[in-house]
Amino acid sequence: MKVLKFGGTSVANAKNISLVKNIIADLKSDKTVVVVSALGGITDLILKTAALASQQDKSYMTSLKEIEDRHLVTIKELIPIQSQSKVLSKVKSELNTLETLLEGAFLIGEITPKLSDKIVSYGELLSSYIISEYFISEGIDTAYADSRELIKTNSTYGKAAVNFERTNHNISNFLTNCSNSTAVMGGFIASSVNGDSTTLGRGGSDYTAAIIANAGNAEALEIWTDVSGMYTANPRIVKQAMAIPKISYEEAMELSHFGAKVLYPPTIQPVLSKGISILIKNTFDPHAPGTLITKNKNGEGKTVRGISHVENIALISLEGPGMVGITGISKRFFEVLSTAGISVVMITQASSEHSICIGVDNHDADHAVQVINDAFNVEISQGKIKTVVAEKDLAIIALVGDNMKSHQGLSGKMFSTLGKNNVNIRAIAQGASERNISAVILKEDVKKALNTLHEEFFEENVKQLNLFVMGVGNVGAKFLNQILTQKKYLKEKLKLSIRVIGISNSRTMVFDEDGIALKNWPELLAKGQKADKELFFETVNKLNFRNSIFVDNTASQEVSETYNSYLRNSISVVTCNKIACSSEYSNYQELKDLARQYNAPFLFETNVGAGLPIIDTLKHLVASGDKILKIQAVLSGSLNFVFNNFNDTTTFHDVVKQAQEEGYTEPDPTIDLSGVDVMRKILILARESGNVLDIEDIQNDSFLPKESLETNNNADFFKTLTKHEESFQEMYRKAVEEDSKLKYVAQYENGKASVGLQRIPRGHDFYNLEGSDNIVLFYTERYPDQPMIIKGAGAGADVTASGIFADIVRIGNF
Ligand code: ADP
Ligand code: ASP
Ligand code: MG
């Protein structure tokens, strides 16, 4: 004999029920019991209707009509016309009784638990009857069984306890006397010894099926649902979750206790002692292997079998200075809760014995607080115990696996993974079985926590990075295209999965939680909502994705002022914008501190030398204990371009104009020509070498005439260049006379930094610097005479974009 249970979605409508029929028709079993749920969503709908009726809200009638229609439509679509009338009249008569019961609730404006169970039982009563008649019409030799006559319980309405002696007896009698090959019955419903309808708890159809399997000594119990088995995490929240092929009873029980809804937790109990295995299968993909739950312990393989979570948890702590002196305190505490019928989902006890902390369902929290405060009234008034309060809207997240106890370091890994993603842990519990480690976290962190833990324990190290990109000018656009072309390589070779979730320019912004299709980003962005920096941050924060990175490709002061909000929320920041790192020292320091404190990297490699690994190298030198003695560098691609092209056959004015037109200078060329841009860069290098320095501390001997520096628009500026052409030609002549070239050099030594134009003699490392290249010489304790040299293209959108990319990859490996 086999028992097959089909859940709500599997029997939600005529089309799905016909799939169920195909599964039954294909079965090779001498006898089959089919346990069905109510049509998907009907239990919730009946409960809602009953609540409306009891509140004397007439709209209960509309909802009742919906219930009626769902059933009548299903019958008309399933059952051939010639057999319909019998089924329709029986179902209509049942619906009339349901209507009478609801009217009663409406009139008295109340609904008792007893009446509620009676009303809600119609879901399974109707579905099982309709399905049995459909099977008969399809030629399957079917008997209908009324579960209420077989399963006997006490009168705890809503979640009644089964009287196994009577139930087992009834079921075996039924099976012995039933000559049909197939029997169909409703799950979830039962009746008390007095004959009143009862129910076994929400999701209880699984339990009904297990009770039948046990009493009938079934060879197998199959739970048919809408997913292909028990997954490594809830597949609706973790997209990468996988079906677990095999799992032990204990593991399955633990996962379902901690929220894996696919199996109602009490289901395992009845089949456990007889060793009947449970197979979880997908009605909509019957060939998928599913999950086999057996008594076999999993001797090998994964230590962590699955991750589950329960939402709507409240924490209640009993604590106080006098707790140690009070005898039997735990006993009293738990007795009070048990008498009040409150189930404790989780217990943690601090080793100090100064507190007991429990997790209960949100619904029970106020009640629990009240009974505990009443019970410890005396101790509270004596100040030995503090008045108890509940902290609501939390969630429990649990790692489950039989072999976890024999592996050290799992909890360390769990908590450091959560910590890195700024998931705040409110409490921790590890059961004596060590089959689970659970943590209480904020409800809004659930999605992030599940996904990060899943990645850590199940996804062979593929790490997902979620990017939020602001600024899509030259650099930003190149950057997005680089991601698009490198995506596959990064996933395969570096195990990094990069998704861009948000993009903004100064006009519009766009978000897509599943990742923006990068092929079409310009169109998607153009159609986006109005850009707003604060809202952008709020959205990033609210989405609460793991490994979130904010990428600033702008040159905006305002954008740089938002970095601290990101870092404070553990969102990493990557920027090519120099403003933040060259602002007052206190601001730079604060950002670095926040990054450390919130475990969120703050990277700005492209602030100096575009894509050249200058800052990263400097960091490695310092971190490995080296000391920076001197830095000499040519750090301005624009000035290098200007002085490489300026000679006695051109004018200074024309060369600067050309540099501006070809995009080598900032839109305002004075930022480059005055040396401010280079000052910012050497300032950042000096700070990264460990010095406290501000922009005013940098000496700048400008080669520009005072008059040029004092202009306040481009036209005036260029006029002054023409006016002073002779002095520029003089600079050039002097350099030629000394067989040297003009280079704009930044220097840092002994805590002092300076920038200025220098005549570089032939043979010097700077002499042959071409085009817009940059060069940096690091003189350190380890490289005192022959400096470490980094040289290459130091400006341009392509190399800058690749530098940002490199920072992202660094975060991926963090
Ligand atoms: P049924 O109506 O068939 O009884 P349920 O809705 O009760 O189905 O249970 C199946 C659902 O359980 C899935 O659709 C999924 O959303 C949820 N679920 C939660 N955790 C898990 C898990 N670890 N594995 C599989 N499903 C899970
Ligand atoms: N129909 C009931 C419920 O929705 C029982 C079940 O489907 O398992 O809770
Ligand atoms: Mg279920």
Side-chain angles (χ1 to χ4, degrees), residues 4-12 16-17 19-20 35-48 67 116-117 119-128 147 151 158-160 185-190 197-211 222-245 247 251-267 278 280-285 288 290-291 293 304-311 395-401 446-447 450 453-454 458:
L4 276 74
K5 177 260 173 177
F6 292 87
T9 319
S10 305
V11 297
N16 295 1
I17 297 173
L19 299 177
V20 170
V35 176
V36 294
S37 288
L39 309 193
I42 286 291
T43 306
D44 285 335
L45 192 56
I46 300 182
L47 287 171
K48 182 184 128 195
I67 296 171
S116 175
D117 264 9
I119 290 176
V120 84
S121 70
Y122 278 83
E124 266 75 7
L125 275 180
L126 294 172
S127 68
S128 57
S147 319
I151 301 178
K159 200 174 185 177
M185 59 189 283
F188 178 56
I189 55 177
S197 294
T198 55
T199 59
L200 303 176
R202 292 304 307 271
S205 295
D206 300 343
Y207 189 34
T208 306
I211 295 167
E222 297 183 2
I223 305 284
W224 289 76
T225 180
D226 56 4
V227 285
S228 299
M230 195 165 225
Y231 278 62
T232 46
N234 186 342
R236 282 182 215 273
I237 304 183
V238 179
K239 293 225 170 66
Q240 341 280 354
M242 303 153 262
I244 307 169
I247 187 168
E251 288 172 324
M253 203 144 38
E254 207 91 21
L255 280 173
S256 70
H257 175 73
F258 284 106
K261 188 185 166 219
V262 63
L263 196 67
Y264 183 53
T267 306
I278 305 176
I280 302 187
K281 294 277 286 180
N282 189 348
T283 306
F284 307 95
D285 186 8
T291 297
I293 307 174
V304 180
R305 182 78 38 198
I307 310 168
S308 57
H309 78 286
V310 210
E311 286 185 17
I396 299 177
I397 187 157
L399 292 190
V400 171
V446 162
K447 188 173 169 198
L450 277 177
L453 290 175
H454 195 270
F458 292 100

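The figures that follow rest on heavy atoms only: side chains count, while hydrogens, waters and symmetry mates do not. These numbers were taken from a predicted model, which means no experiment stands behind them. As the structure lists them, so they are numbered: ligands from 1, and atoms in each ligand from 1.
When hydrogens are left out, the protein atom nearest atom 23 (N) of ligand 1 is Y231 O, 3.2 Å; that is the closest non-hydrogen contact.
The closest side-chain heavy-atom distance from F458 to M242 is below 4.5 Å. Within the 4.5 Å cutoff, the side chain of I237 has heavy atoms near those of the H309 side chain. With a 4.5 Å cut-off on side-chain heavy atoms, I46 and I119 count as touching. Side-chain atoms of F188 and V120, non-hydrogen and from C-beta on, do get closer than 4.5 Å to each other. In this structure, the side chains of I307 and H454 come closer than 4.5 Å at one or more pairs of heavy atoms. By the 4.5 Å heavy-atom criterion applied to side chains, V20 and T283 are counted as neighbours.
When the options D226, T43, I223 are ranked by their closest heavy atom to atom 13 (C) of ligand 1, first place goes to D226. Comparing heavy-atom distances from atom 15 (C) of ligand 1 across V11, I307, N234 singles out N234 as nearest. For the residues V227, T232, V262, the heavy atom positioned nearest atom 9 (O) of ligand 1 is part of V262. Here atom 4 (O) of ligand 1 lies nearest to K5 when heavy atoms of H309, K261, K5 are compared.
The shortest N or O to N or O distance between G8 and ligand 1 is under 3.5 Å. Taking only nitrogen or oxygen atoms, main chain and side chain alike, S10 does not reach within less than 3.5 Å of ligand 1.
Residues of the protein with a heavy atom under 4.0 Å from ligand 2 are S37, T43, E124, F188, R202, G203, G204, S205, listed by chain and number.
Between G229 and ligand 1 there is a heavy-atom distance shorter than 4.0 Å. At least one heavy atom of A233 sits closer than 4.0 Å to an atom of ligand 1. The closest approach between any non-hydrogen atom of P235 and ligand 1 is below 4.0 Å.
For S197 and D117, the side-chain atoms include no donor-acceptor pair closer than 3.5 Å.
The pair D206-K261 does not count as a salt bridge, with every side-chain nitrogen at least 4.0 angstrom from each carboxylate oxygen. A salt bridge links E251 with R305; the closest basic N to acidic carboxylate O contact falls under 4.0 Å.
Annotation for D285 and S228: closest pair OD2-OG, 4.0 Å, computed over non-hydrogen atoms.
For ligand 1, the atoms sitting less than 4.0 Å from at least one non-hydrogen atom of T225 are 1 (P), 3 (O), 8 (O), 10 (C), numbered in the order shown with element in parentheses. The atoms of ligand 1 that sit less than 4.0 Å from any heavy atom of M230 are 24 (N). Each of the following atoms of ligand 1 lies closer than 4.0 Å to a heavy atom of R236: 13 (C), 14 (O), 15 (C), 16 (O).
Taken from OG1 in T9 to CH2 in W224, the straight-line distance is 14.5 Å, to the nearest 0.5 Å. The structure places CD1 of I278 at 9.0 Å from CE of M230, a figure rounded to the nearest 0.5 Å.
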